[in-house]
Protein chains: 2
Amino acid sequence: MSLPQVGHLDPYFLELMEDIKSLLRYSFQTTNDFTIPVSGTGSAAMEACVCNLIEPGDVFLVGCNGYFGYRLVEMGKRYGAVTQAMVKPWGEVFSYEEVKAAVEKHKPAVLALIHAETSTGACQPFEGIGELCRKHNCLLIADCVTSISGVPLFLDKWGIDAAYAGTQKALSCPPGVAPLSFNKRAMQKLMSRKTAVANWYLDMRMIAAYLTEGGGGARSYHHTAPISMCYALREALEIVREEGLESRWRRHQQVAEGFWKELEAMGLELLVDHKHRLPTLTTIKVPAGVDPKQVTSYILSKYQIEIGNGLGELAGKCFRVGLMGVNARSDIVLTILAALRDALEQQGYQLKPKQKMRAAL
Amino acid sequence: MSLPQVGHLDPYFLELMEDIKSLLRYSFQTTNDFTIPVSGTGSAAMEACVCNLIEPGDVFLVGCNGYFGYRLVEMGKRYGAVTQAMVKPWGEVFSYEEVKAAVEKHKPAVLALIHAETSTGACQPFEGIGELCRKHNCLLIADCVTSISGVPLFLDKWGIDAAYAGTQKALSCPPGVAPLSFNKRAMQKLMSRKTAVANWYLDMRMIAAYLTEGGGGARSYHHTAPISMCYALREALEIVREEGLESRWRRHQQVAEGFWKELEAMGLELLVDHKHRLPTLTTIKVPAGVDPKQVTSYILSKYQIEIGNGLGELAGKCFRVGLMGVNARSDIVLTILAALRDALEQQGYQLKPKQKMRAAL
């Protein structure tokens with residue numbers, strides 16, 4: 001990010017953009033031509049999916065099993081969708097049968113599922129859902145904010161038509177741009193819209209004209225891109241490519257498994273079933289008698305480590321610990337465990353003798 | 001920007017945000033409480049003004065004397081405004097009488113004027129317009145993208161109700177966040193809207209809840225802010241504060257005056273009348289027989305200096321030279337003059353003997 005600025009129509013920047021697009025395709029496991037960084041943070045890329053792919057009156061079915069599903073519903077309403085929330089308790093995921101029943105019932109034009117629910121730590125399986133959507137002529141949107149490069153993710157193989165992600169999670173890049181990918185089905189819907197995209201800044205028809213038209217001078221100006229953030233994203237994606245996605249996924253999984261084992265050994269309970277647990281984001285139930293905000297602020301001030309508090313329905317009930325990208329390492333796990341143990345003991349939480357012994361190892 | 005990341009709800013980041021808000025107030029010359037960085041580039045802050053302050057059916061009057069006025073009209077349409085374009089040739093500005101006549105005729109709910117037209121280099125006077133808008137119960141929006149900290153700008157004194165700016169112009173900060181300020185009249189309209197803000201990411205009611213509610217933990221999460229960009233903006237604004245606005249405005253003016261004199265001595269013609277010329281952005285008419293794109297790409301490849309080509313109506317007719325922030329210096333002017341002279345001569349443009357002599361000095 002410390003590199004000198006160039007103009008957003010400079011040939012050098014356009015080359016940089018091509019690098020980013022190509023590296024993003026790898027991280028998303030897609031060949032989608034329209035795979036780009038949105039000039040905002042993850043929520044902007046989320047809104048870009050909604051405002052470009054939904055026309056007023058479209059039925060928009062959303063899997064709501066955490067904070068971000070409900071946000072999609074809220075966005076859908078603003079863009080005139082007939083929204084249908086498919087609801088599950090926070091921390092659970094939808095089975096194929098549940099999704100199938102809801103799609104058959106509501107006949108949505110667009111279905112959105114949260115691949116990695118940052119608020120709960122649950123990982124939604126996608127097997128079969130892409131085909132289901134094709135059969136019902138429905139577009140499939142996936143929220144990959146906390147999954148990209150940290151958890152197996154296959155846009156093309158799973159038949160995901162549109163996906164968005166965050167840079168500040170497993171990609172270990174500062175927030176400020178956000179990955180987005182539309183496949184041909186999504187682009188076709190976008191290009192044949194009957195109504196204008198209500199959102200100007202996120203209008204992907206105009207962005208496509210900027211990003212894809214001929215060479216340097218011919219590209220039409222839309223908005224100034226965040227140059228430094230694009231430098232950062234290229235570097236982060238390049239680091240992913242160097243490590244390799246499979247190694248990276250394995251590293252995240254191994255590190256998280258070790259963390260979970262130790263947490264359970266400390267007598268702590270995890271919110272999400274092992275089968276659907278995200279390695280990138282672990283939700284720990286707050287033990288009885290413990291004030292979660294005191295724990296997180298103690299850890300922040302004493303150890304300079306930020307642990308998240310519960311969001312929405314889980315406010316006050318969970319800690320959220322991210323082990324993402326550069327932080328998915330066993331030395332980081334040991335530090336967090338020590339900090340958490342210290343903070344919980346400050347709150348009067350008693351480790352059992354056996355747990356204490358283990359903790360001392 | 002190379003500082004370590006912190007969370008967007010970290011107390012340190014909230015302090016940083018308070019610094020930015022206070023420094024932005026100084027650069028905008030306002031006491032508006034709601035003075036913030038938008039998490040996108042200048043166009044996002046522009047859209048934030050439109051989508052928050054316009055309700056469907058509102059008459060939206062826009063001064064169109066360049067590219068960015070027309071963009072506001074386009075945005076207004078998307079948010080359901082009844083748009084009225086007040087038109088002038090590109091490079092000219094509106095007189096008070098012209099604005100008054102248009103306001104009386106169209107009775108707009110919102111009037112927008114481009115203080116500094118980045119596409120033409122014209123600087124719109126605002127004297128009396130704030131009062132006029134108050135008299136007609138109309139909100140006044142000003143585009144300050146290319147004026148903030150480079151040209152005298154007084155939000156409060158001029159009665160501007162909402163303003164947006166860019167960071168990558170006279171503030172000399174990379175693009176990625178964008179200044180925005182709403183006064184009480186604007187906030188009142190926002191808070192008493194009958195309809196929801198159609199745009200979720202730029203919904204300033206939700207941003208206000210995040211930015212102003214109580215202390216650290218009490219603030220409600222909206223979206224992840226671009227942390228590194230906020231570091232950059234604070235530093236850029238701090239540099240403005242150190243130099244002082246008046247010195248900075250004077251520096252921009254003096255440097256531009258010197259540039260204009262030399263351009264005229266070279267026999268080149270400027271688009272905008274001296275009286276309304278922006279010191280930050282100079283538009284030079286392309287001399288007959290010269291291919292402007294060849295000139296700008298020659299200068300870019302030989303000197304690594306980016307000179308803009310004409311936008312919209314001025315495409316192929318003008319060069320646009322920015323002397324903004326760190327680049328508003330006489331040594332930069334000398335370099336640009338030399339590069340421009342070289343490039344024009346390559347194109348067969350002949351300096352007169354007297355001009356040649358001057359150029360050799």
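Numbered from 1 within each chain, the chains take letters A, B, ... in sequence-line order.
- Heavy atoms only, all atoms of each residue included: B/Trp200 and A/Met75 are closest at CE3-CE, 3.3 Å.
- Scanning for side chain to side chain donor-acceptor pair (under 3.5 Å) contacts around A/Ser2 gives B/Ser2, with sequence neighbours left out.
- In this structure, CD on A/Gln168 lies 8.5 Å from CD on B/Gln5, to the nearest 0.5 angstrom.
- Using a 4.5 Å cut-off between heavy atoms, A/Ile227 contacts chain B through both its backbone and its side chain.
- Between the CE atom of B/Met206 and the CD atom of A/Glu74 there is a distance of 6.5 Å, given to the nearest 0.5 Å.
- Taking each heavy atom of B/Arg78 and A/Ala198 in turn, the nearest pair found is CB-O, 3.3 Å.
- Taking CG of A/Leu9 as the start and CG of B/Asn309 as the end, the distance is 9.5 Å to the nearest 0.5 Å.
- A/Gln304 does not touch chain B: none of its heavy atoms, backbone or side chain, sits under 4.5 Å away.
- A side-chain hydrogen bond (donor to acceptor under 3.5 Å, both in side chains) check over residues 41-57 of chain A, counting only residues at least two apart or in different chains, returns the pairs A/Thr41-B/Tyr201, A/Ser43-A/Arg71, A/Glu47-A/Tyr79, A/Glu55-A/Thr195.
- Contact count versus chain A (heavy atoms, under 4.5 Å) is highest, among B/Lys77, B/His223, B/His8, for B/His223.
- You'll find the side chain of A/Pro11 reaches within 4.5 Å of the side chain of B/Leu300, heavy atoms only.
- For the set A/Ala225, A/Gly7, A/Pro226, the entry with the most heavy-atom pairs within less than 4.5 Å of chain B is A/Pro226.
- Contact annotation for A/Val197: both backbone and side-chain heavy atoms come within less than 4.5 Å of a heavy atom of chain B.
- Interface remark: of the candidates B/Cys51, B/Gly42, B/Ser228, B/Ala196, B/Ser228 forms the most heavy-atom pairs closer than 4.5 Å to chain A.
- Here B/Ala44 is the residue among B/Gly80, B/Ser297, B/Ala44 with the most heavy-atom pairs under 4.5 Å with chain A.
- Looking at B/Ala232, neither its backbone nor its side chain comes within 4.5 Å of chain A, counting heavy atoms on both sides.
- Contacts between B/Tyr12 and chain A at a heavy-atom distance below 4.5 Å are absent for every atom of the residue.
- Note: A/Asn199 leads A/Leu311, A/Asn199, A/Thr296, A/Thr167 in heavy-atom pairs under 4.5 Å with chain B.
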